[in-house]
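Okay, structure first, notes after.
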Amino acid sequence: MNCFSVFKTYILADDIFRKKNIGLQNEFCFQPIHLAVGVDYIFSVTAQDEAGMSTTLESLPFRIDGVPPTTGSVFNTNKFKDKLYTSSSTSLGASWNGFQDDGSYVRTYEYRLRDLHESTITDNGFIASGFQDAILIENINLTHGKSYLIDVRAIDAAGNIGQVATSRAIAVDLSPPVGFQCQETIHEHVNMSVQSGSLNFDLSVEPNVSFVLHFTLFDEHPKAIDLKINSDSVVLNFNFVVGIGFRTEYQYFPLSPGPQKVSLTSKGINFEKLNTEIIYCKMLVENESDAIQLKQLGSSSLQVTTQIFDLESGINVISISLGTTPFGQQILSDQHIFSNFKIIDMNIPHNTTVFASVKVTNGAGLEKVFSSQALVVDNTAPVVDHLSVHLEDNSNNGTDVRLIGSFKVTDRESGIQACYFAIGNYSVMILITAILKAPIQTMLFNASKYILFVMSYESLLVSNCVERKKLKGVITPFEKAKFLKKNQKTTPFSR
């Protein structure tokens with residue numbers, strides 16, 4: 001019996017290696033021949049017995065592949081999408097697609113996990129994953145604050161190794177957000193320029209310092225403004241605050257100290273009328289008890305201010321709840337906010353104890369819930385009584401006089417925040433000044449227009465944290481006649 005071998009490019013042909021008798025060998029090695037890349041080849045063997053009968057067997061077509069696979073895209077999760085941060089130190093997902101090999105086929109994939117600053121030249125550390133294109137890398141030790149990359153390459157059936165494709169960096173954040181308080185604050189007004197409907201200014205920030213931007217409009221109902229600080233953007237909506245105007249604010253935590261570029265744009269705001277104030281805060285971190293500030297602004301308004309940050313991955317979601325117990329949600333449940341403060345309008349019964357709780361999620365998905373101190377809702381005005389006033393000549397010619405006033409003021413629920421003094425003709429009160437628990441003060445006015453007054457502690461128009469209550473002083477006829485006779489001129493009380 002004899003065997004014949006043929007090497008060809010298509011069936012029933014011997015264009016590469018003509019039929020050759022190889023005797024009774026069951027293996028045969030071809031001499032070096034030139035094979036073209038991308039061409040299909042077939043190998044056939046024919047066995048012939050002593051009776052002259054033969055049988056031919058042909059191999060499946062195979063192709064010469066000298067081209068490595070093309071690279072695709074790599075993701076730092078096993079869901080075919082990227083994340084910026086992870087909260088796990090022991091596992092990390094990876095997935096990839098788009099790798100191709102036209103010469104043969106992709107036989108296996110290889111991957112490796114490396115530090116962001118590790119060299120990419122070495123081939124060390126690659127692990128075969130077979131045909132899997134989504135995996136979970138487990139039993140690893142990732143370091144908080146570091147960033148990692150995932151490299152993937154494809155190997156085809158001919159053994160060609162494709163180029164490495166690399167994922168986006170993913171940072172490890174193992175700590176939840178933290179509360180802080182301002183150890184030191186500095187108020188500053190900045191020089192701003194308005195150009196083509198936008199407001200622009202620069203800030204210089206020192207290390208470990210955040211800042212709050214306060215925006216106030218007094219005489220118009222503003223639309224939202226687009227705030228951009230460096231490359232970060234946010235939309236801010238204004239809230240009306242009694243006694244202040246339309247107000248919004250935004251707290252920013254620079255990733256690095258130095259210049260910070262700020263710009264504002266809005267189609268519905270006259271920036272010439274916008275009052276902007278910057279408060280720099282030297283932060284004292286890990287202050288959980290004062291991280292949430294709850295304040296009553298009016299009989300139906302509460303303001304919640306958050307002092308929370310996350311240096312590694314930033315704040316992603318903030319939601320506010322109000323309850324009658326710490327961390328409770330009896331009044332309001334999980335309302336999302338998009339800045340560091342929120343004014344909530346709702347009617348809450350007088351003398352109700354209220355707590356604000358804030359759930360904060362950072363960029364890595366870690367959550368933490370903070371609670372405010374208790375606030376007792378105060379829907380009643382202060383009590384002002386025992387008021388007495390009289391005039392006193394303060395000069396030789398009667399041009400300057402003094403209005404001496406004394407009274408008693410109490411507010412048992414929320415305490416006295418400020419007292420205001422005003423004078424005017426009869427029921428028309430003209431606001432002159434505000435005194436915040438100050439020592440005795442003296443202000444001089446021409447007697448034909450106003451009256452000099454001395455006021456101590458609090459004044460005729462008194463305010464607590466919520467409401468104001470007016471109380472008029474009365475000049476007795478005797479005091480009035482005595483004063484007019486001495487000065488012989490018209491005064492605000494002469495009508």
(message) Could you tell me if D151 and T166 have a donor-acceptor pair between their side chains, going purely by distance under 3.5 Å?
(response) yes
(request) Kindly say whether K79 contributes a backbone atom to a donor-acceptor pair with the side chain of T77 at under 3.5 angstrom? (result) yes
(message) So, using side-chain contact (heavy atoms from CB on, under 4.5 Å) as the criterion, who are the partners of T325 when residues are at least two apart?
(response) Q330
(message) With a 4.5 Å cut-off on side-chain heavy atoms, are P68 and I161 touching?
(response) no
(request) Using distance alone, with no hydrogens and no angle criterion, decide if S204 and D202 have a side-chain donor and acceptor under 3.5 Å apart. (result) no
In residues 227-235, what donor-acceptor pairs under 3.5 Å come from side-chain atoms, sequence neighbours left out?
| residue | atom | partner | partner atom | Å |
| --- | --- | --- | --- | --- |
| N230 | OD1 | K261 | N | 3.1 |
| N230 | ND2 | Q260 | OE1 | 2.6 |
| D232 | OD2 | Y252 | OH | 3.0 |

(request) Give a yes-or-no answer on whether the side chains of Q303 and S301 include a donor-acceptor pair shorter than 3.5 Å. (result) no
(message) Please find the pair of heavy atoms, one from P69 and one from V106, that lie closest to each other, and give the distance.
(response) CB-CG2, 4.5 Å
(message) So L203 and L213, do their side chains get closer than 4.5 Å, heavy atoms only?
(response) yes
(message) Would you compute the distance between atom CG of D82 and atom CD1 of I150 and round it to the nearest 0.5 angstrom?
(response) 9.0 Å
(request) Ignoring hydrogens and angles, state whether a donor on the side chain of Q307 or N340 is under 3.5 Å from an acceptor on the partner side chain. (result) no
(message) Surrounding CG of D226 (heavy atoms of other residues, nucleotides or ligands, distance under 6.0 Å), is the total greater than 12?
(response) yes
For residues 138-147, which side-chain N or O atoms pair as donor and acceptor with protein atoms under 3.5 Å away, sequence neighbours left out?
| residue | atom | partner | partner atom | Å |
| --- | --- | --- | --- | --- |
| H144 | ND1 | L174 | N | 2.9 |
| H144 | NE2 | E312 | OE2 | 3.3 |

(request) Could you tell me if the ring centre of F327 sits under 6.0 Å from that of F370? (result) no
Solution key, residues 315-323 side-chain donor-acceptor pairs under 3.5 Å, sequence neighbours excluded:
| residue | atom | partner | partner atom | Å |
| --- | --- | --- | --- | --- |
| S321 | OG | Q329 | NE2 | 3.2 |
| S321 | OG | D334 | N | 2.9 |

(request) Applying side-chain contact (heavy atoms from CB on, under 4.5 Å), name anything that partners P257, two or more places apart in sequence or on another chain. (result) P207
(message) Measuring centre to centre across the rings, with the benzene-like ring taken for any Trp, is Y109 within less than 6.0 Å of F131?
(response) no
(message) Between S210 and C281, does the side-chain contact (heavy atoms from CB on, under 4.5 Å) criterion hold? Intermediate values first, please.
(response) CA-CA 5 Å; S210 66; C281 167; 3.7 Å; yes
(message) Would you say S95 and N97 are linked by a side-chain donor-acceptor pair, where the criterion is simply a distance under 3.5 Å?
(response) no
(request) Using only heavy-atom distances, determine whether the side chains of S313 and D173 contain a donor-acceptor pair under 3.5 Å. (result) yes
(message) Does any part of the side chain of Y148, heavy atoms only, come nearer than 4.5 Å to the side chain of V172, both counted from C-beta?
(response) yes
(request) State the CD1-OG1 distance between I337 and T305, to the nearest 0.5 angstrom. (result) 9.0 Å
(message) Is the positively charged end of R153 above the ring of F126, judged by distance under 6.0 angstrom from the centroid and angle within 45° of the axis?
(response) yes
(message) Assess whether a salt bridge exists between E110 and R112, defined as any Lys/Arg side-chain N lying under 4.0 Å from an Asp/Glu carboxylate O.
(response) no
(message) Restricting to side-chain contact (heavy atoms from CB on, under 4.5 Å), what partner residues turn up for I186, sequence neighbours left out?
(response) E184, Y280
